[in-house]
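Worksheet for the structure shown next.
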Amino acid sequence: MLDKNYDPQTLEKNWYRFWEEQGYFVPSHTDGDTAYCIMIPPPNVTGSLHMGHAFQDTIMDALTRYHRMKGERTLWQAGSDHAGIATQMVVERLIDAEGKTRHDYGREKFVERIWDWKAESGGTITRQLRRMGSSLDWEHERFTMDEGLSEAVREVFVRLHEEGLIYRGKRLVNWDPVLHTAVSDLEVLSEEESGHMWDLRYPVVQPEGAEPFYMVVSTTRPETMLGDCAVAVNPEDERYKHLIGEFVELPLSGRRIPIIADEHADPEFGTGCVKITPAHDFNDNQVWQRHRDETAIADQPNGGLINIFTPDAAIRANEPEEGQLIPAAYIGLDRYAARKRIVADLESQGLLANIKDHRLQQPRGDRSGAVIEPYLTDQWYVRVQPLADPAIKAVENGDIRFVPDNWKNTYFEWMRNIQDWCISRQIWWGHRIPAWYDSEGNVYVGRSEDEVREKHGFGPEVELEQDPDVLDTWFSSALWPFSTLGWPEETERLKTFYPTSVLVTGFDIIFFWVARMIMMGLKFTGEVPFREVYIHGLVRDAHGDKMSKSKGNVLDPIDLIDGIELEPLVEKRVQGMMQPHLADKIARATRKDFPNGIPGFGTDAVRFTFAALASNGRDIKFDLGRTEGYRNFCNKLWNASRYVLMNTEDQDCGLGSEPIELSAADRWIRSRLDATTATVTESIDAYRFDLAAQAIYDFTWNEFCDWYLELSKPVLTGDSASDAAKRGTRQTLVRTLETLLRLAHPIMPFITEEIWQKVKPLAGVDGDTIMLAPYPTTDPAAADPQAVAEIDWVKQCILGIRRIKGEMNIAPGKPLPVLVTNASDQDRVWLETARPYLDFLARTESISVLSDESEAPESAIALVGGMKLLIPMAGLIDKDAELKRLDKEITRLTDDIARTEKKLQNPSFVDKAPEAVVQKERTKLADHAAAIANLQAQREKIAAL
RNA sequence: GGGUGCUUAGCUCAGUUGGGAGAGCAUCGCCCUUACAAGGCGAGGGUCGCAGGUUCAAGCCCUGCAGCACCCA
């Protein structure tokens with residue numbers, strides 16, 4: 001028997017360990033012909049589970065469990081990525097506490113230290129994934145820095161390099177001056193901040209003695225003027241057309257720079273003149289590329305591409321051959337000190353035209369918070385275009401399908417404007433670039449130093465030094481779908497599971513990850529990495545705000561499962577807040593949103609919530625109220641199961657040879673279960689987990705619990721039913737419950753397993769776990785329109801009587817005599833067969849069929865089709881209340897009938913609408929008209945009292 | 001500026017070739033009836049953002065407008 005109370009905390013504790021120990025997550029346990037595989041988007045090894053993960057993992061686990069139950073060879077590949085910068089920073093912070101930097105350790109020792117850290121603390125998220133019930137194949141868990149995956153990385157790098165698809169180049173990158181590395185666009189967050197716009201006056205070079213004349217340029221970063229190589233104006237701009245080809249004198253450094261014509265200069269914006277600083281601005285760099293061959297630009301130092309910063313973003317010193325390119329006064333100043341000084345100097349020379357307050361998009365590194373500088377560095381790049389073309393085609397021709405479909409547009413948009421990919425990073429933790437330099441700086445790429453030496457015939461006397469940089473973490477992530485399966489080896493796993501079935505991910509990384517996996521997969525395996533991409537929404541807080549640590553509105557999924565008191569929750573949210581006023585604000589908001597903390601809802605309720613919220617939308621506002629509702633749902637299922645067990649354990653459930661008899665209710669619920677199975681299956685197949693959850697919820701609560709369990713009571717407890725009928729009902733109870741549990745298992749694994757273990761012997765089912773039990777299938781023979789019609793009729797009778805009781809304030813438990821008039825033959829049959837149901841559920845004291853309506857005393861009335869149910873009013877029913885009730889019903893029907901009549905009077909409707917639609921309206925009109933007549937007559941009768 | 005999506009009950013959201021406006025939570029009334037008060041029974045609540053158009057018929061299709069969100073520049 002199940003415990004009296006549903007307690008997710010205790011029941012969820014043991015099942016996961018059981019599943020994992022039994023090896024149920026390993027695909028060998030299912031040996032179907034078809035394979036099904038999902039790659040987990042590898043979580044960051046430093047990370048902990050957030051709501052986005054929990055949501056995504058619920059979906060992947062539901063899909064995995066669903067397909068596993070369908071008997072397919074199912075693999076959900078586990079693993080995590082090494083998160084280069086994030087992980088390095090974590091460990092740097094740790095050794096900072098020892099008073100050391102990574103340089104004190106040295107590269108080798110420092111990397112060892114990171115491995116130690118990983119061994120010790122890197123498992124947080126995998127533990128949390130287990131709490132979520134995720135049926136990942138942990139036995140084959142992979143890590144992007146594993147030897148096997150590292151080999152795949154080297155192999156890919158070397159092959160791409162051999163084909164000329166990887167090259168080294170000096171380009172502008174997003175430079176983090178604190179971390180001293182290039183960072184990807186994804187790691188740069190631009191937010192609007194307050195700043196200033198400075199208008200600088202650049203004197204136009206004029207003949208001796210001419211009146212001074214200035215070009216005014218605007219900038220938010222005045223210090224970059226030291227690196228200007230030109231001033232650009234729009235070629236169509238009448239104000240400046242005549243100056244094109246002239247020069248201005250760059251203030252402070254005294255260089256002469258040309259005035260050039262370029263579309264980039266917007267005549268409408270500011271003065272219409274733009275300073276061009278190609279080494280420190282992405283747009284300016286484009287302008288420079290268009291004009292670099294013009295003499296006036298080419299003659300500039302370094303061809304006009306003038307870097308002014310050190311890696312710290314301080315003003316650099318001059319190289320020996322550069323003379324005074326950078327004025328001595330600013331050398332060594334940090335960018336902001338230099339800015340101040342330069343503005344002051346310009347002002348004192350009368351060259352500062354204006355300073356305005358200005359809102360600007362400030363790019364900051366998401367890890368360091370430092371303002372990112374476009375910076376000129378030597379980096380490794382992947383030439384993407386040749387890889388992108390087949391990747392675009394794969395989606396165009398349907399080899400890969402996006403769900404929802406529109407996301408392919410986002411994908412195309414990005415892929416068609418794709419830029420070469422900067423893959424090198426100036427950090428220590430990651431896959432070291434397999435390139436070696438000789439003493440002259442020549443570069444050799446190979447799988448190892450030995451391979452390089454052998455290939456080029458270098459003896460031991462040749463000194464080779466490996467490139468110090470490592471690869472972008474996304475480089476290894478791009479190989480994830482095949483590297484985890486053993487590539488470049490031709491393993492059995494690779495053959496079985498690649499291409500994988502579906503990728504489940506958020507739209508925020510379509511560019512960075514999805515696109516790159518497609519490119520790399522096609523390039524190195526010749527096949528797509530996955531056949532479908534299911535893009536889900538982003539989980540937001542109840543107010544619709546993105547959850548973020550700095551906003552202090554994050555929810556920890558584990559807290560939803562286990563519960564958390566208010567004070568620890570507040571503490572958790574304000575922890576590590578730099579600004580105290582923000583901490584206060586967060587504490588206040590938290591106390592308001594969660595005055596009593598968060599109760600523990602259990603994993604199944606949390607998972608059910610995620611499933612129910614997984615519609616096609618982009619934003620998912622997480623509403624705790626729904627989690628509470630679904631926790632209640634778990635409780636409902638629990639208690640319904642207790643009822644089933646109480647009435648079936650140690651009883652004959654029709655498994656043997658004794659005859660059984662199925663009632664209308666039995667056949668009805670079997671029919672409804674079958675329809676629900678169809679809906680759930682179709683919904684999961686269409687990635688509509690919200691509809692699947694809804695169907696399960698509806699069936700369980702509104703049909704199984706509210707009606708079928710109640711309808712089973714008179715059969716099981718009364719003495720009117722035969723033994724065969726009792727067996728039939730018991731069998732239906734256990735079979736329906738057992739099937740329902742399997743139906744719901746992919747979404748709520750724990751509670752279904754717990755109950756299933758108790759129910760399976762009663763239902764005559766074998767198996768050690770519901771995980772590997774077959775998923776329910778539909779049965780065409782289960783549809784039973786007659787049973788459905790009868791039970792619908794029963795429900796109408798019961799609802800009608802209940803409504804009278806409810807509205808007349810008669811205690812629901814009070815037995816009442818009921819008179820029936822105008823009963824058809826069918827009604828009379830059902831009145832016999834359904835009598836126990838009516839007595840039990842509507843508490844009817846007696847039911848008498850009157851052949852002559854005039855015999856009926858004054859009564860309250862309920863209509864079931866043409867049949868009238870009458871409850872005599874004497875001493876029970878208030879005349880005015882019944883009149884009011886009748887009026888309400890008459891009004892409702894009259895309004896409805898007016899619309900229907902209008903429709904039917906319209907000749908074009910009758911003419912053009914499909915016959916079935918017209919017929920439906922006619923039937924409705926007739927039914928309503930009859931009902932109104934009945935009610936009207938009743939009303940007059942009562943009003944006359 | 002370009003693109004994508006959203007606007008349905010107080011709140012969060014479904015609504016699948018156009019033909020009955022729905023769920024959960026919240027609200028109101030009655031009930032501790034031995035599966036379940038984390039519950040039962042009953043009730044109220046919507047000009048489906050606005051304005052046009054197509055159609056016999058529009059929450060759904062088309063056009064315009066407004067507001068919101070995100071992405072790209």
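For clarity, every value in this text was computed on a predicted model and none was experimentally measured. All chains are named by letter (A, B, ...) in the order of the sequence lines, taking the proteins before the strands, and each is independently numbered beginning at 1.
When the P atom is used for both B:rG44 and B:rC28, the distance is 16 Å, rounded to whole Å. With P as the reference atom, B:rU4 and B:rG19 are 27 Å apart, rounded to whole Å. B:rG59 and B:rG22 have their P atoms separated by 13 Å, with the value rounded to a whole Å. Taking atom P on both nucleotides, B:rA58 is separated from B:rG20 by 11 Å, rounded to a whole Å. Nucleotides B:rG49 and B:rC60, compared at atom P, are 8 Å apart to the nearest Å. Comparing B:rU54 with B:rG1, their C1' atoms sit 33 Å apart, to the nearest whole Å. Distance check on atom C1': B:rC61 versus B:rC72 gives 29 Å, rounded to whole Å. Rounded to a whole angstrom, the distance from the P atom of B:rU47 to that of B:rG10 is 8 Å.
Place A:Tyr630 and A:Phe633 on RNA chain B by their nearest nucleotides, and A:Tyr630 ends up nearer the 5' end. Remark on RNA chain B: of its neighbouring residues A:Ser641 and A:Trp407, the 5'-side contact belongs to A:Trp407, judged by nearest-heavy-atom nucleotide.
Summarising the geometry, the separation between CZ on A:Arg642 and P on B:rU34 is reported as 13 Å, rounded to the nearest angstrom. Rounding to whole angstrom units, NE2 of residue A:His536 and P of B:rG5 are separated by 19 Å. Counting to the nearest Å, the P atom of B:rC36 and the CD1 atom of A:Ile751 are 16 Å from each other. Taking atom CD1 of A:Ile871 as the reference point, atom C1' of B:rG42 lies 14 Å away to the nearest angstrom. When rounded to the nearest whole Å, the span between CH2 of A:Trp638 and P of B:rC36 equals 14 Å. In this structure, the CZ atom of A:Phe402 is 16 Å from the P atom of B:rU4, given to the nearest Å. If you take CD of A:Glu901 and C1' of B:rC56, they are 17 Å apart, rounded to a whole angstrom. The distance from atom CD of A:Gln905 to atom C1' of B:rA57 is 16 Å, rounded to the nearest whole Å.
Residue contacts shown for A:Glu710 include a base, since a base heavy atom lies under 4.0 Å away. A:Leu538 comes within contact range of no nucleotide atom at all, as no heavy-atom separation falls under 4.0 Å. Residue A:Arg631 is classed as a base contact, given a heavy-atom separation below 4.0 Å to a base. Residue A:Cys634 is classed as having no contact, given no heavy-atom separation below 4.0 Å to the nucleic acid. Counting non-hydrogen atoms under 4.0 angstrom, A:Lys814 reaches nothing in the nucleic acid. Among the atoms of the strands shown, only primed sugar atoms or phosphate atoms (P, OP1, OP2) are found under 4.0 Å from some heavy atom of A:Asn906.
Contact between the side-chain N/O atoms of A:Asn632 and the OP1/OP2 oxygens of B:rG39 is found at a separation under 4.0 Å. Contact annotation: A:Lys888 side-chain N/O to B:rG44 OP1/OP2 distance is under 4.0 Å. Contact annotation: A:Trp701 does not reach the phosphate of B:rA38 (side-chain N/O to OP1 or OP2, under 4.0 Å). Checking the phosphate oxygens (OP1, OP2) of B:rG5, a side-chain nitrogen or oxygen of A:Asn406 falls inside 4.0 Å. Distances shown here put a side-chain N or O of A:Arg803 below 4.0 Å from the OP1 or OP2 atom of B:rA43.
If you check distances only, the side chain of A:Lys713 does reach the base of B:rA35 with a donor-acceptor pair under 3.5 Å. Contact annotation: side chain of A:Glu628 to base of B:rA26, donor-acceptor pair absent below 3.5 Å.
Summarising the base pairing, B:rA35 is matched to no nucleotide, lacking a Watson-Crick or G-U wobble pair whose two defining distances lie under 3.5 Å. Pairing for B:rA69 is with B:rU4, a Watson-Crick or G-U wobble pair whose two hydrogen-bonding atom distances lie under 3.5 Å. Checking B:rG46 for Watson-Crick or G-U wobble geometry (two distances, each under 3.5 Å) identifies no partner in any strand. Using Watson-Crick or G-U wobble geometry with both donor-acceptor distances under 3.5 Å, B:rA51 finds its partner in B:rU63. Base pairing annotation: B:rA26 forms no Watson-Crick or G-U wobble pair, as no partner gives both donor-acceptor distances under 3.5 Å. Using N1 to N3 plus N6-O4 or O6-N4 for Watson-Crick, or N1-O2 and O6-N3 for G-U wobble, each under 3.5 Å, B:rA57 pairs with nothing. Under the Watson-Crick or G-U wobble criterion, with both distances below 3.5 Å, B:rG18 has no partner in any strand shown.
Classified by interplanar angle (parallel below 30°, tilted 30° to 60°, perpendicular above 60°), the ring pair A:Tyr534/A:Tyr687 is parallel. Using bins of under 30°, 30° to 60° and over 60° for the plane-to-plane angle, the ring pair A:Trp513/A:Trp474 lands in the tilted bin.
When each of B:rC56, B:rC36, B:rG40 is scored by its nearest atom to the side-chain atoms of A:Lys4, the top-ranked nucleotide is B:rC36.
Salt bridge status for A:Arg735 with A:Glu738: absent, with no side-chain N to carboxylate O gap under 4.0 Å.
In this structure, A:Arg885 and A:Ile861 approach most closely via the heavy-atom pair NH2-O, 2.6 Å. Taking every heavy atom of both residues into account, A:Gln651 and A:Arg730 meet most closely at OE1-NH2, 3.5 Å. Between A:Cys634 and A:Ala605 the shortest heavy-atom distance is SG-N, 4.1 Å.
Of the possible donor and acceptor atoms, none in the side chain of A:Thr410 sits under 3.5 Å from a partner among the backbone N and O of A:Asn406. Remark: side-chain polar atoms of A:Gln919 are not paired, donor with acceptor, to backbone N or O of A:Pro914 under 3.5 angstrom.
For the pair A:Lys636 and A:Tyr697, the cation-pi test (distance below 6.0 Å, angle within 45°) is failed.
Atoms CD and CG, on A:Glu845 and A:Asp839 in that order, are 10.0 Å from each other to the nearest 0.5 Å.
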- Note on the structure: Given protein heavy atoms under 4.0 Å, the one-letter contact record of nucleotides 8-23 of chain B, with B base, S sugar-phosphate only and - none, is simply ----BSSS---BS--S
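For the residue pair A:Gln694 and A:Asp690, no side-chain donor N or O sits within less than 3.5 Å of a side-chain acceptor on the partner.
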